[in-house]
Amino acid sequence: MHKVLLTHQIVPGKFSELSDWSKEADAKRKADDPDYKPPRRYIYQTGSVFKVVSEFEFEKLVIDDITPFSQGGYPNYGETSQPDFFPFIVPGTSTMDILKEIDWS
């Protein structure tokens, strides 16, 4: 199992709009792909800064140019097909972590 964690610092005062945007984006993705599962999303605060983390799970990651991210395709981080997302995040604060589960049983 792999987890991809995308973390973004939220522009102050934009959480409500980001929440609405996420709901609309998830609905559109589900309409386009009935197998789409929305990511888990978390919010946390450090000092006066709020961050949102989106957690995606995949059985395997695929590194090619044709597999969609929703199917485990490796995202080309830094490019996006959703530029309307950018007004909600502070530029330069986004990170991506890829975790691979370890089975030590």
Side-chain angles (χ1 to χ4, degrees):
M1 176 67 61
H2 292 82
K3 288 189 181 192
V4 175
L5 304 176
L6 299 176
T7 303
H8 308 285
Q9 182 177 330
I10 304 170
V11 170
K14 292 288 187 175
F15 178 76
S16 180
E17 291 176 63
L18 174 60
S19 176
D20 292 343
W21 182 92
S22 296
K23 290 174 190 172
E24 290 173 20
D26 285 341
K28 181 180 183 314
R29 291 174 185 142
K30 184 72 172 174
D32 293 343
D33 177 4
D35 294 328
Y36 173 75
K37 286 177 42 180
R40 289 180 190 90
R41 294 185 176 100
Y42 308 90
I43 186 168
Y44 70 95
Q45 180 179 6
T46 53
S48 61
V49 173
F50 287 90
K51 294 184 179 184
V52 66
V53 178
S54 298
E55 176 189 80
F56 299 86
E57 288 187 348
F58 304 107
E59 285 299 318
K60 65 178 184 171
L61 291 179
V62 181
I63 300 176
D64 64 24
D65 293 334
I66 58 171
T67 303
F69 181 68
S70 64
Q71 296 174 20
Y74 189 77
N76 185 358
Y77 198 61
E79 295 181 14
T80 182
S81 60
Q82 48 195 34
D84 52 335
F85 175 74
F86 290 133
F88 307 117
I89 61 172
V90 176
T93 64
S94 300
T95 61
M96 178 175 65
D97 296 298
I98 299 175
L99 309 175
K100 182 174 180 0
E101 184 177 13
I102 300 171
D103 182 7
W104 285 350
S105 56

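Position 1 is the first residue of the sequence, and the numbers go up from there.
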Among Leu18, Ile89, Val49, side chain to side chain contact (heavy atoms under 4.5 Å, CB included) partner for Ile10:
Leu18
Measuring from atom NZ of Lys3 to atom CZ of Phe58, what distance do you get when rounded to the nearest 0.5 angstrom?
12.0 Å
Give me the ring orientation class for Phe85 and Phe88: parallel if the planes are under 30° apart, tilted from 30 to 60°, perpendicular past 60°.
perpendicular
Students should find that the hydrophobic cluster of Tyr42, defined by side-chain heavy atoms under 4.5 Å apart, otherwise consists of Leu5, Tyr44, Val53, Leu99
Audit row: Lys28, Asp32, salt bridge (Lys or Arg N to Asp or Glu O under 4.0 Å) steps and yes/no
CA-CA 6 Å; Lys28 181 180 183 314; Asp32 293 343; 3.0 Å; yes
Going by salt bridge (charged side-chain N to carboxylate O under 4.0 Å, His left out), name the pairs with one or both residues in residues 91-105, residues two or more places apart or in two chains.
none
So the salt bridge (charged side-chain N to carboxylate O under 4.0 Å, His left out) pairs with at least one residue in residues 6-15 (sequence neighbours excluded) are Lys14-Glu17
Does the side chain of Leu6 reach to within under 4.5 Å of the side chain of His8, using non-hydrogen atoms?
yes
The remaining residues in the hydrophobic cluster of Val90, counting side-chain heavy-atom contacts under 4.5 Å among Ile, Leu, Val, Met, Phe, Trp and Tyr, are Val11
Which pairs count as salt bridge (charged side-chain N to carboxylate O under 4.0 Å, His left out) when at least one residue sits in residues 35-52, sequence neighbours excluded?
Asp26-Arg41, Arg40-Glu55, Arg40-Glu57
Rest of the hydrophobic cluster containing Ile102 (Ile/Leu/Val/Met/Phe/Trp/Tyr, side-chain heavy atoms under 4.5 Å)?
Trp104
Sequence-distant partners of Ala27, side-chain contact (heavy atoms from CB on, under 4.5 Å), two or more places apart
none
Should Phe86 and Phe15 be counted in the same cluster of Ile, Leu, Val, Met, Phe, Trp and Tyr side chains packed under 4.5 Å apart?
yes
